[in-house]
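The structure appears right after this line, and notes come after that.
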Amino acid sequence: MEGFAQNAERKQAGLSEFVMNGFRPEAVPVYRALASEFAVCDRWFASIPASTQPNRLYVHAATSCGATGNDTQKLVEGYPQKTIFESMHEAGHSFGIYYAYPPSTLFYRNLRKPKYLKHFHQFDLHFKRHAKEGKLPNYTVIEQRYFELPHIPGNDDHPSHDISEGQKFVKEVYEALRSSPQWNEILFVIVYDEHGGFYDHVPTPAEGVPSPDGIVGPAPYNFNFDRLGVRVPAILVSPWIEPGTVLHEPSGPYPTSQFEHSSIPATVKKIFDLPDFLTKRDEWAGTFDDVLNLNRSGPRMDCPETLPDPVKLRESGPKEAAQLNDFQEQLVQLAATMNGDHKKDIYPYKLVENMTVVDAVKYVKSAFETFLREREEALLENGENDAGVVGQADESARPASRSFFQKLCSCVICDH
């Protein structure tokens with residue numbers, strides 16, 4: 001593929017040097033260890049050739065509902081598409097979202113309902129404890145810190161955050177899972193939402209890629225959602241995966257199927273035998289359950305209990321006085337829908353125009369606390385009959401007999 005360097009230079013002189021570069025294995029020792037011990041996918045593509053947020057929407061819903069960028073009106077209303085979270089809930093399976101402020105999964109309208117409130121858990125307070133006690137839900141999503149302060153650096157790998165902080169985060173999650181009594185039932189997936197502008201030589205698939213829902217993107221491009229984006233890193237971890245596995249193209253379900261973000265809901269549907277696909281895209285996407293070697297007599301006993309310590313790559317500290325990046329602006333605008341500021345004339349652009357990272361952290365935290373308080377009050381006022389079932393599904397509603405696949409706890413990190 002061509003045009004990476006030219007496009008980078010149009011944005012900023014000298015930027016092409018960065019987009020044509022990368023990290024040596026010794027600079028990312030956590031990923032090097034996971035790739036050696038478990039599996040990597042060398043043909044996992046972003047769902048669309050677009051930015052962070054539209055691709056993130058595909059991870060849990062197999063569509064961006066027509067979004068190719070930030071849609072501030074949809075932020076207010078919430079994206080309306082059904083998610084894999086709801087499919088799991090309806091089938092009597094549990095899900096959980098472990099977040100740092102704020103959970104970006106609240107871009108979905110339905111997840112803002114009070115009945116789903118107890119599915120959200122603060123990562124720093126709850127994740128390790130739930131893992132240690134064997135209480136992780138069937139489908140677990142782990143969100144990173146998207147903002148950084150001196151005492152809590154960002155760990156989402158977004159420029160200009162230190163990559164070593166992202167490595168620490170993955171190491172922390174892996175070691176908690178490895179020591180969990182649920183370890184033998186875990187499939188842990190680490191994936192990036194898009195390529196960040198970095199060069200890749202593999203062409204983006206454009207043959208036989210179905211539009212998820214027939215929605216056409218906004219003018220002037222009027223994108224038909226019929227091609228994938230650039231490849232992204234994807235690592236799969238499980239004691240049922242052989243060391244050094246490389247996952248190439250899927251074997252189906254269609255001749256043109258590929259691994260992309262919609263492969264996550266497609267695989268969850270297959271593992272838990274859910275009744276319906278979310279869109280035509282997850283119906284088409286390849287599933288990665290074949291990476292598990294279930295012909296083994298049992299799970300591997302030689303999986304490392306700890307991972308290497310990351311190497312610090314950035315000499316300077318967090319830039320809390322810096323202006324916000326695009327995704328951070330969207331998170332602040334999401335927060336504005338939680339505290340009512342979306343009704344003011346400062347929404348959406350004046351709100352973030354001169355906001356620094358430290359200001360954003362305070363704003364987002366306060367707004368999310370307002371959101372939680374209002375949802376808790378709604379539950380108390382309306383009760384579970386109106387607000388829906390709170391927390392994990394009732395055990396009596398679960399299927400009486402479940403295969404090994406249906407016992408899997410799928411932990412997904414969506415990194416940038």
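The first residue in the sequence is number 1, and the count goes up from there.
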Query raised in the report: Tell me the salt bridge (Lys or Arg N to Asp or Glu O under 4.0 Å) pairs involving residues 249-261, sequence neighbours left out?
Result: R43-E249, E260-R281
Report task. Check for a donor-acceptor pair, side chain of T356 on one end and backbone N or O of Q323 on the other, with a separation under 3.5 Å. Result -> no
**Report entry** Interatomic spacing from CD1 in I271 to CG in L292 - rounded to 0.5 Å
**Finding:** 7.0 Å
Report task. Return the minimal non-hydrogen interatomic distance between A335 and A367, and the atom names on each side. Result -> O-CB, 3.4 Å
Report task. Verify, without hydrogens or angle tests, whether Q53 (side chain) and N70 (backbone) share a donor-acceptor contact under 3.5 angstrom. Result -> no
Which pairs of donor and acceptor atoms, one on a side chain in residues 210-222, lie under 3.5 Å apart (sequence neighbours left out)?
from : atom 1 : to   : atom 2 : distance (Å)
S211 : OG     : G214 : N      : 3.0
D213 : OD1    : I215 : N      : 3.3
D213 : OD2    : T63  : OG1    : 2.7

Query raised in the report: Are there more than 12 heavy atoms of other residues, nucleotides or ligands under 6.0 Å from atom CE of M301?
Result: no
Donor-acceptor contacts under 3.5 Å from residues 13-24 side chains, at least two apart:
from : atom 1 : to : atom 2 : distance (Å)
S16  : OG     : E9 : OE2    : 2.6

Report task. May I ask you to check whether over 12 heavy atoms, not counting those of K128, lie within 6.0 Å of atom NZ? Result -> no
Report summary line: Between S51 and G69 the two heavy atoms that sit nearest each other are OG-CA, 4.2 Å
Query raised in the report: How are the rings of F4 and Y199 set relative to one another: parallel (under 30°), tilted (30 to 60°) or perpendicular (over 60°)?
Result: perpendicular
Query raised in the report: At what distance, to the nearest 0.5 angstrom, does CG of L307 lie from NZ of K171?
Result: 6.0 Å
Query raised in the report: So do H130 and T140 actually touch side chain to side chain, heavy atoms under 4.5 Å?
Result: no
Query raised in the report: Do M1 and V202 pass the side-chain contact (heavy atoms from CB on, under 4.5 Å) test, and can you show the C-alpha distance, the side-chain angles, and the key distance before you say yes or no?
Result: CA-CA 7 Å; M1 293 198 296; V202 176; 5.8 Å; no
Requested in this report: Could you tell me whether a side-chain N or O of R300 sits under 3.5 Å from a main-chain N or O of I241, the two making a donor and an acceptor?
Outcome: yes
Requested in this report: Return the orientation label for the Y116 and H89 ring planes: parallel under 30°, perpendicular over 60°, tilted otherwise.
Outcome: perpendicular
Report summary line: Closest non-hydrogen atoms of V232 and Y192, given as atom of the first, atom of the second and distance, are CG2-O, 3.3 Å
Query - Between N339 and Y363: side-chain donor-acceptor atoms closer than 3.5 Å - result: yes
Report summary line: Between the NZ atom in K362 and the CZ atom in F147, the distance rounded to the nearest 0.5 Å is 13.5 Å
Query raised in the report: Can any side-chain N or O of T267 pair as donor or acceptor with the backbone N or O of S263 at less than 3.5 Å?
Result: yes
Report task. Check the angle between the aromatic planes of W44 and F259 and answer parallel, tilted or perpendicular using the 30° and 60° thresholds. Result -> parallel
Query raised in the report: Any side-chain heavy atom of S64 within less than 4.5 Å of one from Y58?
Result: yes
Requested in this report: Just do the side-chain contact (heavy atoms from CB on, under 4.5 Å) check on Y347 and L75 with the steps written out, would you?
Outcome: CA-CA 11 Å; Y347 183 86; L75 282 185; 3.6 Å; yes
Requested in this report: Check side-chain contact (heavy atoms from CB on, under 4.5 Å) between R10 and all other residues, then give those that pass, not counting sequence neighbours.
Outcome: Q6, N7
Query raised in the report: Side chains of P49 and T204: closer than 4.5 Å at any heavy-atom pair?
Result: no
Query - Whether over 12 other heavy atoms sit under 6.0 Å from K319 NZ - result: no
Requested in this report: Report yes or no: do H161 and N155 form a side-chain donor-acceptor pair below 3.5 Å?
Outcome: no
Query raised in the report: Taking the six-membered ring for Trp, are F368 and F371 parallel (under 30°), tilted (30 to 60°) or perpendicular (over 60°)?
Result: parallel
Report task. Side-chain contact test, heavy atoms from C-beta onward, threshold under 4.5 Å: evaluate it for I152 versus D124 and give yes or no. Result -> no
Query raised in the report: Between S87 and E90, is any side-chain donor less than 3.5 angstrom from a side-chain acceptor?
Result: no
Report task. Give a yes or no answer on whether the side chain of Y139 reaches the backbone of I97 with a donor-acceptor pair at less than 3.5 Å. Result -> no
Query raised in the report: Would you say F107 and Q330 make side-chain contact, with heavy atoms under 4.5 Å?
Result: yes
Query - Salt-bridge present (E172, K168; N to O < 4.0 Å) - result: no
Requested in this report: Answer yes or no: is there a donor N or O on one side and an acceptor on the other, between the side chain of T337 and the main chain of L334, under 3.5 Å?
Outcome: yes
Query raised in the report: Do the non-hydrogen side-chain atoms of P102 and F120 ever get within less than 4.5 Å of each other?
Result: no
Report task. Ignoring hydrogens and angles, state whether a donor on the side chain of W284 or T256 is under 3.5 Å from an acceptor on the partner side chain. Result -> yes
**Report entry** salt bridge (Lys or Arg N to Asp or Glu O under 4.0 Å): pairs with one or both residues in residues 224-248, sequence neighbours excluded
**Finding:** D200-R231, E242-R296
Query raised in the report: How many angstroms lie between atom CZ of R112 and atom CG of L117, to the nearest 0.5 angstrom?
Result: 14.0 Å
Report task. Would you check, one step at a time, whether the test side-chain hydrogen bond (donor to acceptor under 3.5 Å, both in side chains) holds for T83 with E86? Result -> CA-CA 6 Å; T83 67; E86 294 151 88; 2.8 Å; yes
Query raised in the report: More than 12 heavy atoms of other residues, nucleotides or ligands under 6.0 Å from CD of E2: is that the case?
Result: no
Report task. With W183 as reference, evaluate F188, Y174, W240 under the ring-ring contact (aromatic ring centres under 6.0 Å, His included) test and give the passing residue. Result -> Y174
Query - Minimum heavy-atom distance between V170 and Y31, given as atom pair plus value - result: CG2-OH, 3.8 Å
Requested in this report: Assign the ring pair F123 / F127 to parallel, tilted or perpendicular, where the plane angle (0 to 90°) is split at 30° and 60°.
Outcome: parallel
**Report entry** Nearest-0.5 Å distance that lies between atom CD in E77 and atom NE2 in H342
**Finding:** 9.5 Å
Report task. Check for a donor-acceptor pair, side chain of N55 on one end and backbone N or O of I48 on the other, with a separation under 3.5 Å. Result -> yes
Query raised in the report: Do L331 and S104 have side-chain heavy atoms sitting under 4.5 Å apart?
Result: yes
Query raised in the report: Just by modelled atom types, is the T72 backbone N or O under 3.5 Å from a matching donor or acceptor in the Q333 side chain?
Result: no
Report task. Return the minimal non-hydrogen interatomic distance between A336 and L351, and the atom names on each side. Result -> CB-CD2, 3.6 Å
**Report entry** Heavy-atom closest pair, residues A100 and R145
**Finding:** CB-CG, 3.5 Å
**Report entry** V141 side chain reached by Y99 side chain, heavy atoms, under 4.5 Å
**Finding:** no
Requested in this report: Output all residues satisfying side-chain contact (heavy atoms from CB on, under 4.5 Å) with K269, sequence neighbours left out; order by chain, then residue number.
Outcome: L274, F277
Query raised in the report: Sub-3.5 Å donor-acceptor pair from the side chain of S180 to the main-chain atoms of A131, do we have one?
Result: yes
Report task. If the plane angle is over 60° it's perpendicular, under 30° parallel, otherwise tilted; pick one for H93 and F272. Result -> tilted
Query raised in the report: Backbone N or O of Y146 within a donor-acceptor pair of the Q328 side chain at under 3.5 Å?
Result: yes
Query - L247 and D42: CA distance, side-chain angles, deciding distance, side-chain contact (heavy atoms from CB on, under 4.5 Å) verdict - result: CA-CA 6 Å; L247 197 61; D42 64 0; over 6 Å; no
Report summary line: CD (E320) and CG (D359) are apart, to the nearest 0.5 Å, by 9.5 Å
